[in-house]
Every structure is written in structure tokens, then in C-alpha cells.
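Notes to accompany the following structure.
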Amino acid sequence: MIWSKSLVPTLREDPRQAENLSHKILLRAGFVRPIASGLYNYLPFGLRVCQKITQIIREEMNRIGGQEMHLSALSPRSMWEQSGRWNAFGDDMFRLKDRKQQDLALCPTHEEVMALIASKELRSYKELPQIWYQFQTKFRDEPRPRGGVLRTRQFTMKDSYSFDLDYEGLDSSFKRHSEAYSRMFTRMGHKFFVVQASGGLMGAGESHEFMVEAESGEDISLVCPECDYRANAEVAEGKPVSAPILEMKKEKVHTPNLKTVEEVSGFLGVKPSQLVKSILFMREGKPLLVLVRGDYDFSDEKLKRAFGTGLEPAENEDAEKHMGASLGFLGPQGVEVETYADLSLETCDIYAAGANEDDYHVVGISLSRDANIKEYMDLRTVRAGDGCPNCKGTLSEKRTIELGHIFKLGTKYSEAMGASVLDSEGAERPIVMGSYGIGVERSMAALIDQYYADGVMAWPVVVAPYEVQILSLGENEVSEKFFVDLNSKGLEAAWDDRDMAPGAKFADADLVGIPYRIVVGPRGLKEGKVDIRKLGTGETINVAVDDAVRRVSEMIAEEKADGCRN
RNA sequence: CGGGGAGUAGCGUAGUCCGGCUUAACGCGCCUGCUUUGGGAGCAGGAGAUCGGAGGUUCGAAUCCUCUCUCCCCGACCA
């Protein structure tokens, strides 16, 4: 690559819209350009990094027996109605009509399409297991695209699907994916860890996410420093920190217009942790009272898991009808509504709570005596400071980017799409599926968070847009020879031949992040020498012109070998 | 969708409160010439914006009013 004839539109200043690190660098280094909210054009350098990431993923998928395919990005409504997701996806799905006014969707994911193929092509258990994957542009009309390339409305996903006869088979496909993911992320240079996760809209089974710590991450992961417990905050379990015992006699207190935990606890002179937060839900027309300690929040995910998806927060009328008070003054004592409490409340017995009478709260109620709690269960969002569920450690929170997600789907989609095989007994059985995704562009962004420091980006050589950069300072002859030699040795060289001030060339080079740099300038040439610099460590060696190509190749080969050993 | 911020030249900004010395300014970038060449160079010339859009108020609007579009950030989604 010869710089003066290429498109690497670097920016000297941070663009106005960019706030987080990877977004700024991708823009400034001329890797990507926005075209609309959540939509990007990938310029040559950005594309090259994505292609290298893609290739690593491909190699590791092939290694576990994955077969690459390429499915249609556009799909008919009927297929989505078969799985029930035409409605489930709601506004997140891009929809359009063809000239015959038929509804089509731009696929946000491909479980249905894959299951459909399986339903048509797979007959016998003898054909299982199978792993099919593709790199595909996914379209999701995200409510809020963000973080530059981290959350977009169009992105490339490697999605794979496993097809097994039974759950033992699924376990093994899942495990193979888990190992493949670890290998590919390691090869790319990610400092990742694996967390327990929730399946969300995709399914219900066991699921793991591959996380990288980053300020711009969208997820919170809870990690135990003492053991290997790691979980997404959505599903993390933990031991609640205990609350100070409330020593107050049962008494009703006038609390006009005080509704929030802060207002009420402040007014009553109790800690938020000595307060019961009582939330009324409606489920199929019936009320459901759920309690959590005042210093914790409910986890939507856990509520969904415990009570199903049909849970609606109650309106004021519901509250008055079933509890005799407005929202904000509800409490568990003396109510007939079915009541569940979070485990955090089990640490004590005496609390303050709403009085079920407008503008009143009660202090000193006893949950065991005054309330009729059907069951204590895990319903809250665990947070830093809570105890690890597996050991004596204390959990801490990390903000993380989700690189990949693997989960066990089960038979949800195979049943919906009619994907079944005959087993050895001749009985028809739905195929047991797993689904496994990786966002390609996101992986690129996450690497910036991990490898940018002090104004210098240093891509791991295996994913870098080029392996070595020749930086010419007012001299092109020796440089050109390097360029030719490096290329003929099979190295990916970028030659900055532009006639510019040295500072500007160094600045561009730092931004773009090609990890090895040969500086060819008159100062060194006078002694017959050039500098080789490794970005990231900043280590620089001064070598004879004739040795330079050999030395760089060795350094690059060594870094590549190191990566493979992992 | 709720809450917050922002749209002025390719990029980054000033000007907006308090309409008029603004022919809309500045830095960077860009073009021409000469000089310069190990961390964003110097001199001299030059091109480039009807101030997001539409309406309105006014003798006069980047600036005031109304509507509208777009982008970014924080929350409900997920790779």
C-alpha cells in the first residue's frame, strides 16, 4: 500500500459527534465514516481490520467442523410468523414491502432461516450433529444506536447454529463453540473473560457472553476476585449485604406526598436498607405484589424469569382497587394479594414500608408477623459489594463490551419451523439447536479500548490493517526498496511516501496503529541505518539498512508465533 | 419513547443572551509558488459557508418567534 495513492483520511481533531474512545479513533484514523445514525461506511483500513478478524473467526469455526454458508438477508413475513417473532421483534425489525405488496423483513438474526433449512434438508439422526455458520449483515432498527460502531443498525455478525439429536449433543456443541470462541478472541488479542448471561429474546437455555472490560461498554459484569464467578448483572446472583437492624415499634407515620425511597427514608430517619420497596404488578388481570429491600432494584430479567413475560406494572387504579392506596404508599402488611419477596429482605425482619393508606407509611413492621409472603426468591439486581454466591469474596462491577454470545436454544425454533429427524428407533424428534454470535465490527472497536494508550494505537499484528509501515522522511529511494522487499517476503507493508512535515507523518502513523514502523530518514541514512519501532511498547532499535527487512520480519513472525501459542 | 446537549466552509470553533461596523470571523486542512524536512514547518498569493430546513416578525435576522429535520449523550435492547 502506497500512502499517497490511497484513502486514509485522518483527522487532526476529534469530530464533534464522537464521545467514546473507539469511535474517536476509528473516525480520526480514517477507518470508518458515518452515513446516518447507527450506519457506517468502512473505508480501506477499517475494512482490512474487519477482514482479518473475520478470517480468524472463520478458521476457528472451521476447526470445530463449522460449515460456512451465506443466507439471504431478506426474508418473508410468513417465516417469522411461524416462530412468532414477526410480532416479538416489534420496531426492532426493519420491514419492507416488495412490488407485490408482500411483507419482507431484513433479518435481524437467522435462527428461523437456519431452522427452515434444517427442516428441509435434514432427515436422519445419522446426519447430526451439524454446525452451520455465516458472516452476514444483520439489520436491527435499534432504539438507540450508540458508541460509534459498538451498537449499530447494520452490522456484520458471524452467526452459527448447531443441530443435535439431544441435549447431550447440544452440550458438546456448546462446549466446542465456547472453546472456539476462546481461541479466536485470544488470537485477536482480546483480554476477555466469560460470564453467565441471559438468553433474552433468543431463547431460554444456558448462555455465556464473552466480555472485554471497557469504559464505553454497555454491560455491567459482576466478577468475584476470589474465585471464577463472573456474571452479567442481568442475571448475577449474590449475597446481599446485611442491613442494620431497625429497632422501632410498629407505628403509622404521616408522610404526605413522600413516595420515593430517598424521600421516605430521609423523612423517617431510617436507612434505605431498612425500607421495603413494594411494587405491584398485574399479570393477566390479577395483582402480584413483589418486595425488595429499599437499597436494591428489581432485575427485569429475574422478574421475567420468575413470573413470565406477561408482567405489567400496575396503574394507580389497580393499586387503589387491590391495595387501598396509591402507588408510592404500598406495603406488604395485611394484604391478601399474592406476595413474593426478594432474598435481600430475609436478612432482617423489622422494616419500614408503605401503610397501604395514602400519605402514610409504617415503621417497625415485621415481615414474618405482619406480611403474608408466599416465597422468598432472587429478584433483585446484584451489585458491587454483594457477596459472591460461590465463595467468601465480594463482587465487583466491571463495565464491559460483549464480544460474543453463545446459547443453548433447545427446540424452540426447530419445533416452530418443523425441523426434526428420525432417531435410531424411527421416532421423529425435534432437532436440538444452539446459537452463537459474534459482532465483527464491535470486536475491532473493543481492540481499540485495549490497545490505545497515550495517543498511540497499536493493533495486534494479526488484526492490524498492515503489519509494517515504512515512514519516509524526505527520502524515497531506500524506502521504496524496503517496500518492494517486504512485499516480496509476503509481509503487508504500508509505505508513507508523502512529502509532509515529519510530525504530521508520525502523528498519522500513531493514529492508524500499524504495529511495526521503519523510519527512514537522512539522519540515520548518514550512518547507513534506520529505526525499527514497535508501537505499544515503544521499543526502538537502530539497525543497518541491509538488516532492516530481516529484523522486522523476525519481530513480526515472533509476535505471530506468540499469539498462536495461546 | 422519556430526559439532556448540538447543528455556522472539508474538520474544529467564535459570533446567538442584547437583531445593524459582518462584505459572516478564527485555527487546521485544501490549491499555486519558493524555502524547509527525525514529532502536526516558514513566507507570499488563492479557492471555499445564502449560518440544518421551512415559514414568520422587522427598514434590517446566524441572532427574535413558530414549525420541522438531523446528529450526539443518559435510560428500556443486544453482537
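Throughout, a chain's letter reflects where its sequence line sits, starting with A, and its residues are numbered from 1.
- A cation-pi arrangement is absent between A/Arg153 and A/Phe94 under the rule of less than 6.0 angstrom and at most 45 degrees off the ring axis.
- B/G60 and B/U13 have their C1' atoms separated by 27 Å, with the value rounded to a whole Å.
- Scanning all heavy atoms of the two residues, the minimum distance from A/Glu301 to A/Glu234 falls at CB-O, 3.4 Å.
- For B/A41, the paired base is B/U35 (Watson-Crick or G-U wobble, both distances below 3.5 Å).
- Annotation: proximity of residues 62-74 of chain A to RNA chain B (heavy atom, distance under 4.0 Å) is found for no residue.
- In terms of position along RNA chain B, the nucleotide closest to A/Lys505 lies nearer the 5' end than the nucleotide closest to the other residue of the pair A/Ile438 and A/Lys505.
- Within 4.0 Å (heavy atoms only), A/Arg517 reaches at least one base atom of the nucleic acid.
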Can you name the atoms? Protein N/O to nucleotides 33-38 of chain B N/O, anything below 3.5 Å, with the distance.
residue	atom	partner	partner atom	Å
B/U37	N3	A/Asp499	OD1	3.4
B/G38	O2'	A/Arg523	NH1	2.3
B/G38	O6	A/Gly521	N	3.4
B/G38	O6	A/Gly524	N	3.1
B/G38	N1	A/Asp531	OD2	3.0
B/G38	N2	A/Asp531	OD2	2.4

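- Using a cut-off of 4.0 Å between Lys/Arg side-chain N and Asp/Glu carboxylate O, A/Lys191 and A/Asp449 are scored as not salt-bridged.
- With rounding to whole Å, A/Ile57 atom CD1 is found 14 Å from B/A79 atom P.
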Would you be so kind as to tabulate the donor-acceptor pairs closer than 3.5 Å made by side chains of residues 20-29 of chain A, with sequence neighbours excluded?
residue	atom	partner	partner atom	Å
A/Asn20	ND2	A/Ser22	OG	3.2
A/His23	NE2	A/Tyr40	OH	3.0
A/Arg28	NE	A/Leu11	O	3.1
A/Arg28	NH1	A/Asp14	OD1	3.4
A/Arg28	NH2	A/Arg12	O	2.9

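- Residue-environment remark: CD (A/Glu397) exceeds the threshold of 12 foreign heavy atoms within 6.0 Å.
- In this model, a side-chain donor or acceptor of A/Glu13 finds a partner on the base of B/G27 within 3.5 Å.
- Close to B/C72, at under 4.0 Å from its OP1 or OP2, lies a side-chain N or O of A/Ser37.
- Classification of the A/Phe298-A/Phe281 ring pair by plane angle, with boundaries at 30° and 60°, yields perpendicular.
- Searching all strands for a Watson-Crick or G-U wobble partner of B/C64 with both distances below 3.5 Å returns B/G56.
- Only the C1' atoms considered, B/C64 is 16 Å distant from B/C59, to the nearest whole Å.
- The partner of B/C28 is B/G10, by the rule that a Watson-Crick or G-U pair needs both atom distances under 3.5 Å.
- Candidate nucleotides B/G40, B/A79, B/G75 were compared by shortest atom distance to the side chain of A/Ala504, and B/G40 ranks first.
- Between B/G52 and B/C34, the distance separating the two C1' atoms is 42 Å to the nearest Å.
- In this entry B/G75 has B/C1 as its Watson-Crick or G-U wobble partner, both defining distances falling under 3.5 Å.
- One can place CZ of A/Arg12 at 14 Å from C1' of B/U13, the figure rounded to the nearest angstrom.
- With C1' as the reference atom, B/C69 and B/U22 are 28 Å apart, rounded to whole Å.
- Distance check on atom C1': B/U63 versus B/C72 gives 24 Å, rounded to whole Å.
- The aromatic rings of A/Trp80 and A/Phe89 sit perpendicular, their planes meeting at an angle over 60°, well past the 30° parallel limit.
- The base of B/G12 does not come close enough to the side chain of A/Asp14 for any donor and acceptor atom to sit less than 3.5 Å apart.
- Counting any heavy atom pair closer than 4.0 Å across all strands shown, A/Gly147 reaches sugar-phosphate atoms only and no base atom.
- Regarding the sugar-base torsion, B/C21 falls in the syn class, its angle being within 90° of 0.
- Going from the C1' atom of B/G3 to that of B/C65 covers 25 Å, rounded to whole Å.
- Among the protein residues, A/Arg151 comes within range of the nucleic acid bases, having at least one heavy atom under 4.0 Å from a base atom.
- Contact between the side-chain N/O atoms of A/Arg16 and the OP1/OP2 oxygens of B/G5 is not found at any separation under 4.0 Å.
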Open item on the list: ring-ring contact (aromatic ring centres under 6.0 Å, His included), that's the test. Do A/Tyr413 and A/Tyr161 meet it? Break it down for me.
Closed with: CA-CA 11 Å; A/Tyr413 296 98; A/Tyr161 305 84; 8.9 Å; no
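- Summarising the geometry, the separation between CG on A/Asn232 and P on B/C78 is reported as 12 Å, rounded to the nearest angstrom.
- Atom-to-atom, CG of A/Leu11 to C1' of B/G27 comes out at 15 Å; the value is rounded to the nearest Å.
- Below the 3.5 angstrom threshold, one finds a donor paired with an acceptor across the side chain of A/Asp219 and the base of B/C78.
- With B/C73, B/A79, B/C77 as the choices, the nucleotide that has an atom nearest any side-chain atom of A/Glu19 turns out to be B/C73.
- The only option from A/Ser173, A/Ser207, A/Ser162, A/Ser160 that meets the side-chain hydrogen bond (donor to acceptor under 3.5 Å, both in side chains) definition with A/Tyr436 turns out to be A/Ser162.
- Considering only the side chain of A/Gln17, B/C72 comes nearest among B/C72, B/G75, B/G40.
- For A/Arg140 and A/Phe155, the positive end is not near the middle of the six-membered ring at less than 6.0 Å and at most 45° from its axis.
- Of the possible donor and acceptor atoms, none in the side chain of A/Ser443 sits under 3.5 Å from a partner among the backbone N and O of A/Val440.
- Here, B/C51 and B/C30 have their P atoms 27 Å apart, quoted to the whole Å.
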